[in-house]
S.K.: 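My questions all concern the structure below.
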Amino acid sequence: GAVVSQHPSWVICKSGTSVKIECRSLDFQATTMFWYRQFPKQSLMLMATSNEGSKATYEQGVEKDKFLINHASLTLSTLTVTSAHPEDSSFYICSARDRRRMREKLFFGSGTQLSVL
Amino acid sequence: GENVEQHPSTLSVQEGDSAVIKCTYSDSASNYFPWYKQELGKRPQLIIDIRSNVGEKKDQRIAVTLNKTAKHFSLHITETQPEDSAVYFCAASNPSYGKLTFGQGTILTVHP
């Protein structure tokens, strides 16, 4: 159990376009999901905390107008990178917590490699 | 906020040797400390975790120790195998915020 699905796994786009990444909890309800960004050979940096039915909480230094997060249901959160530029190229990964059990454990999606040309 | 420091950044061992990775945290309210293994381009996988009411936990070749007073915790891998080669991350979680703060990662290489 506790499977988190993330799509797409990789995307290449032109500079200036927007890209949407989906994160789904397949067999549990997740009131809270987290979005991380990871550059090559670096750690996971938390971008924002996504709460179902409310606005996301962004970490310091993360532009909320550039990284739009929507958590419309208990099983789906989306991250939209708006007007992407080459510096946005990175590995984006979501995670979710099963609210009914194993409250502290985070389950990760498979990640999305974004390349902006 | 929480700050997690992880050392060493790279670790190279011979197959069969032990590997130890250490982390320190800054927030005394943090009470959950997981360790993740991440292979290139893949998702982090939880390999072991420990809560602040426990000092040590073991799962086969992997063990984690926690010193709450000193605010540090360590991952111990015994009888290392080439398949253990990966990047390992420690993390700490404060129950008030519910989010994980990760260490910088350790690249472990196990030579056959």
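So you know, we letter chains A, B, ... as the sequences are listed, proteins then strands, and number each from 1.
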S.K.: Any Lys/Arg nitrogen of A:E22 or A:R24 sitting under 4.0 Å from an Asp/Glu carboxylate oxygen of the other?
M.R.: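 Looking at A:E22 and A:R24, the cut-off is met.
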S.K.: Heavy-atom distance under 4.5 Å to chain A: side chain of B:L100, backbone, both or neither?
M.R.: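 Both parts, backbone and side chain.
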S.K.: Relative to chain B, which segment of A:F91 carries a heavy atom at a distance below 4.5 Å: side chain, backbone, both, or neither?
M.R.: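 When you check distances to chain B, only side chain atoms of A:F91 fall under 4.5 Å.
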S.K.: Which bit of B:P34 is near chain A, if near means a heavy-atom gap under 4.5 Å: side chain, backbone, both or neither?
M.R.: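 When you check distances to chain A, no heavy atom of B:P34 falls under 4.5 Å.
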S.K.: Checking the side chain of A:T112 only, and the main-chain atoms of A:P8 only, is there a donor and an acceptor separated by less than 3.5 Å?
M.R.: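 Confirmed, A:T112 side chain pairs with A:P8 backbone.
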S.K.: Please identify, among B:P44, B:G105, B:G103, the residue contributing the most non-hydrogen atom pairs under 4.5 Å to chain A.
M.R.: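 Of the options given, most contacts go to B:P44.
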S.K.: Parallel, tilted or perpendicular, judged at 30° and 60°: which one describes the rings of B:W35 and B:F73?
M.R.: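 Taking B:F73 first and then B:W35, their aromatic rings stand perpendicular (interplane angle over 60°).
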S.K.: Counting only non-hydrogen atoms closer than 4.5 Å, does A:L46 touch chain B with its backbone (N, CA, C, O), its side chain (CB onward), both, or neither?
M.R.: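 Contact with chain B involves the side chain of A:L46 alone.
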S.K.: Can you find a side-chain donor-acceptor pair between B:Q6 and B:T106 that sits under 3.5 Å?
M.R.: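 Yes, side-chain donor-acceptor contact under 3.5 Å.
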S.K.: Taking every non-hydrogen pair under 4.5 Å, which of A:Q113, A:Q38, A:Q60 racks up the most with chain B?
M.R.: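 So the answer, after comparing A:Q113, A:Q38, A:Q60, is A:Q38.
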S.K.: With rounding to the nearest 0.5 Å, note down the distance linking NZ in B:K37 to CD1 in B:I77.
M.R.: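 One finds 7.5 Å between NZ of B:K37 and CD1 of B:I77.
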S.K.: Checking B:Q38 against chain A: side chain, backbone, both or neither under 4.5 Å from a heavy atom?
M.R.: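 For B:Q38, side-chain heavy atoms alone lie under 4.5 Å from chain A.
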S.K.: Please identify, among B:R43, B:Q45, B:Q104, the residue contributing the most non-hydrogen atom pairs under 4.5 Å to chain A.
M.R.: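 Ranked by heavy-atom pairs under 4.5 Å with chain A, first place is B:R43.
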S.K.: Assert yes or no for the condition that the ring centre distance of A:Y36 to B:F102 is strictly below 6.0 Å.
M.R.: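 Centroid distance A:Y36-B:F102: below 6.0 Å, so yes.
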